[in-house]
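Below you'll find the structure, written out as structure tokens, and then a few comments.
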Amino acid sequence: MVKVTLIKSTIGEIKSVKATVAALGLTKIRSEKTFEDSPALQGQLKKVAHLIKVENV
């Protein structure tokens, strides 16, 4: 399990980064979601790594 927290705003980011954050279900700063770890999830997290904090649960 992986807990993902949005720590920076998506203002000024390109469309694909905004779409990835939205697909993760993160809407506001400090919003959190927990996911099962998978290769697809790891790809999404790598794309938006500069905007999020990732913790193993």
Side-chain angles (χ1 to χ4, degrees):
M1 297 290 286
V2 177
K3 184 168 86 172
V4 180
T5 307
L6 185 64
I7 57 170
K8 286 190 175 181
S9 173
T10 58
I11 293 174
E13 295 293 334
I14 60 175
K15 287 182 184 179
S16 63
V17 170
K18 288 182 182 183
T20 303
V21 170
L24 290 170
L26 303 173
T27 55
K28 297 182 177 183
I29 295 176
R30 286 186 238 108
S31 61
E32 299 177 344
K33 288 280 189 164
T34 304
F35 301 98
E36 288 290 331
D37 201 12
S38 69
L41 177 68
Q42 289 300 318
Q44 288 178 315
L45 298 180
K46 186 176 179 182
K47 183 174 186 117
V48 297
H50 59 288
L51 300 175
I52 61 173
K53 178 173 74 171
V54 179
E55 301 173 32
N56 290 325
V57 179

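Here the structure is a predicted model, which means the values were calculated and not measured.
Residue Lys33 holds its NZ atom at 12.0 Å from OG1 of Thr5, rounded to the nearest 0.5 Å. For the atom pair Lys18 NZ and Glu13 CD, the distance stands at 8.0 Å (nearest 0.5 Å). Rounding to the nearest 0.5 Å gives a distance of 13.5 Å between NZ of Lys46 and OG1 of Thr20. Atom CD of Gln44 sits about 9.5 Å away from atom CD1 of Ile52, to the nearest 0.5 Å. Here the OG1-CG distance, from Thr27 to Leu6, works out to 8.0 Å after rounding to the nearest 0.5 Å. Separation of atoms NZ (Lys47) and CD1 (Ile14) is listed at 5.5 Å; rounding is to 0.5 Å.
Side-chain contact between Leu45 and Val2 is present, with at least one heavy-atom pair separated by less than 4.5 Å. Side-chain contact between Glu32 and Lys3 is present, with at least one heavy-atom pair separated by less than 4.5 Å.
Checked against Ser9 for a side chain to side chain contact (heavy atoms under 4.5 Å, CB included), the options Ile29, Leu51, Val21 give a single hit: Ile29.
Judged by distance alone, with hydrogens and angles left aside, the side-chain atoms of Ser38 form a donor-acceptor pair with the main-chain N or O of Leu41 at under 3.5 Å.
Residue Ile7 comes nearest to Lys53 through the heavy atom pair CG2-CB, 4.0 Å, listed as atom of the first residue, atom of the second, then distance.
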